[in-house]
Protein chains: 2
Amino acid sequence: MTLPRVPFDDRGLAYGDGVFETVLLRKGEPVLWPYHLARLKRGCQRLGIPIPSQEALAATWGGGASATLEVLKLIVTRGSGGRGYALPETPAPRLLSRRTPFAPETARWQEGVTVRQCRLRLGHQPVLAGIKHLNRLENVLARQEWQTPNIAEGLLADAHGQLIEATSMNVFWQQQGCVFTPRLDKCGVAGTLRAALISQGVVREADVSLEATPSVERLWVANSVQGVWPVTALLSEDGVCLKRWPQNASDRFQTVAHQLLGYVSQ
Amino acid sequence: MTLPRVPFDDRGLAYGDGVFETVLLRKGEPVLWPYHLARLKRGCQRLGIPIPSQEALAATWGGGASATLEVLKLIVTRGSGGRGYALPETPAPRLLSRRTPFAPETARWQEGVTVRQCRLRLGHQPVLAGIKHLNRLENVLARQEWQTPNIAEGLLADAHGQLIEATSMNVFWQQQGCVFTPRLDKCGVAGTLRAALISQGVVREADVSLEATPSVERLWVANSVQGVWPVTALLSEDGVCLKRWPQNASDRFQTVAHQLLGYVSQ
């Protein structure tokens with residue numbers, strides 16, 4: 001299967017002028033699609049890019065599944081044209097997609113993962129916060145901070161030291177029995193699993209500093225493809241272990257989230 | 001001539017994971033090339049992308065000029081590969097280029113231009129400040145703030161209200177006879193004409209708030225392709241005229257800059 005290509009003057013390449021979605025497909029059907037569509041629309045509206053039609057979007061997962069689980073990556077760019085940063089007079093966005101067979105890392109569901117605190121601080125840009133746009137250099141740079149494969153994710157704070165997200169997952173913590181996730185109105189990507197959990201009343205938005213993360217009762221990183229990874233060890237920027245949490249055989253938060261993703265039956 | 005293309009999984013498209021340069025070619029030779037090369041190297045080093053060889057770069061402007069003046073756009077992406085944000089084990093960057101015949105807007109050199117203050121505030125990200133990376137959504141969004149063709153540029157401040165740059169040019173102002181340009185250690189793109197002017201001792205870095213711009217003695221926007229546009233009218237976000245400056249028949253700052261670009265003889 002040949003990959004779709006974009007020309008040199010596509011604004012997605014030139015400026016990161018577009019948005020993307022990474023969608024779990026189960027037997028060829030998108031999981032949490034209403035949340036993906038809502039974020040895609042919000043992103044396109046924020047950037048002033050026409051939203052692809054529902055038919056064009058549905059065609060990206062039509063045509064039969066090659067595996068029970070796949071990942072569908074969608075990219076919407078503003079297309080070519082315009083003079084420099086100025087927009088093209090007639091917008092002609094491009095919708096590109098790719099499907100890849102997928103298997104979640106189930107060992108991480110059960111055994112938990114080690115995460116580290118990242119050195120990089122996310123800049124504040126309220127206009128771009130929450131949407132899944134193509135300007136992802138902060139995430140790329142943060143992910144360069146470690147190479148050891150036993151570290152599963154890195155926790156990112158903003159310039160004020162507030163916990164925001166992990167490099168490619170959202171973060172959740174438990175305090176006094178309740179589960180919280182950082183507000184994402186200044187930076188960060190608002191994940192679709194996060195949105196579904198908030199909408200179900202399972203999770204509420206709150207603030208916690210990166211510095212205070214070792215003192216939370218429990219900590220998870222999660223997204224709509226990988227599911228929920230309980231954090232069992234937290235390392236500092238310098239690799240020092242700041243905290244260990246015990247494994248939890250009956251993790252209610254994980255169970256609820258995995259029901260939403262179809263990883264456990266309702 | 002067909003445009004170069006990149007595949008779906010190119011990280012320049014996926015994450016804006018790369019840098020670019022826009023170079024004036026005069027009779028097929030790059031103008032201010034040492035400054036472009038220095039910025040390209042700095043950008044690649046900051047992102048951890050191998051720097052293209054001097055031979056590969058020189059090949060982009062080899063092969064004869066199609067016009068006296070051309071613009072050469074270079075894009076260097078990290079290439080394909082890696083798992084999500086994690087880097088590919090074997091980096092294989094892509095160097096892409098395009099040459100376009102060019103004519104500067106000489107009327108703007110002589111008559112000056114109208115610029116406006118932009119509403120969007122640039123976020124602080126010291127790690128990315130100064131380099132010409134492919135994450136340019138802030139510039140795209142700022143450029144959407146006006147459509148009227150008589151407005152030539154928009155002035156951008158950071159979240160603290162400090163003047164940083166214009167959407168695709170650097171900004172210079174005169175105070176007590178000296179010419180200044182904003183520091184770019186927290187955000188903004190450090191232009192090559194700006195770098196050459198600083199290195200010649202013509203311009204110094206300083207701070208000025210966007211709010212205070214109407215009170216400067218003179219104001220210019222400039223880059224290494226378009227040259228120097230004196231600002232003769234400054235509008236607020238709402239289109240209200242805040243200040244007019246008279247035309248200046250003998251603009252020494254412009255003359256020095258245009259000597260560097262070869263637009264006037266030394």
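In what follows, chains carry the letters A, B, and so on, assigned in the order in which the sequence lines appear, proteins first and then strands, with residues in each chain numbered from 1. Note that the coordinates shown come from a computational prediction; the quantities given were computed from them, not determined experimentally. The analysis underlying the following values was restricted to heavy atoms, covering all of them including side chains, and did not include hydrogens, waters or symmetry mates.
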* Heavy-atom contact with chain B under 4.5 Å, split by part of Leu128(A) -> side chain
Across chain B and chain A, going purely by atom type as modelled, what donor-acceptor pairs are there at a distance under 3.5 Å?
| residue | atom | partner | partner atom | Å |
| --- | --- | --- | --- | --- |
| Pro4(A) | O | Phe8(B) | N | 2.8 |
| Val6(A) | N | Val6(B) | O | 2.9 |
| Val6(A) | O | Val6(B) | N | 2.9 |
| Phe8(A) | N | Pro4(B) | O | 2.8 |
| Tyr15(A) | O | Arg136(B) | N | 3.0 |
| Gly16(A) | N | Leu134(B) | O | 3.4 |
| Leu47(A) | O | Gln144(B) | NE2 | 2.9 |
| Arg83(A) | NH2 | Glu105(B) | OE2 | 2.9 |
| Glu105(A) | OE2 | Arg83(B) | NH2 | 2.9 |
| Arg121(A) | O | Gln125(B) | NE2 | 2.7 |
| Gln125(A) | NE2 | Arg121(B) | O | 2.7 |
| Gln125(A) | NE2 | Glu138(B) | OE2 | 2.5 |
| Leu134(A) | O | Gly16(B) | N | 3.4 |
| Asn135(A) | OD1 | Arg136(B) | N | 3.2 |
| Asn135(A) | OD1 | Leu137(B) | N | 2.9 |
| Arg136(A) | N | Tyr15(B) | O | 3.0 |
| Arg136(A) | N | Asn135(B) | OD1 | 3.1 |
| Leu137(A) | N | Asn135(B) | OD1 | 2.9 |
| Glu138(A) | OE2 | Gln125(B) | NE2 | 2.5 |
| Gln144(A) | NE2 | Leu47(B) | O | 2.9 |

* For the residue pair Ala14(A) and Leu134(B), what are the closest heavy atoms and their distance? -> O-CD2, 3.5 Å
* Contacting moiety of Val127(A), where chain B heavy atoms sit under 4.5 Å -> side chain
* Can you tell which part of Ala86(B) gets under 4.5 Å to a heavy atom of chain A, answering side chain, backbone, both or neither? => both
* Are side-chain heavy atoms of Leu47(B) and Leu137(A) found at a separation under 4.5 Å? -> yes
* Which heavy-atom pair separates Pro7(A) from Leu3(B) by the least distance, and what is that distance? -> CB-CD1, 4.1 Å
* To do: Identify which of Ile75(B), Leu87(B), Leu13(B), Leu96(B) forms the greatest number of heavy-atom pairs closer than 4.5 Å to chain A.
  => Leu13(B)
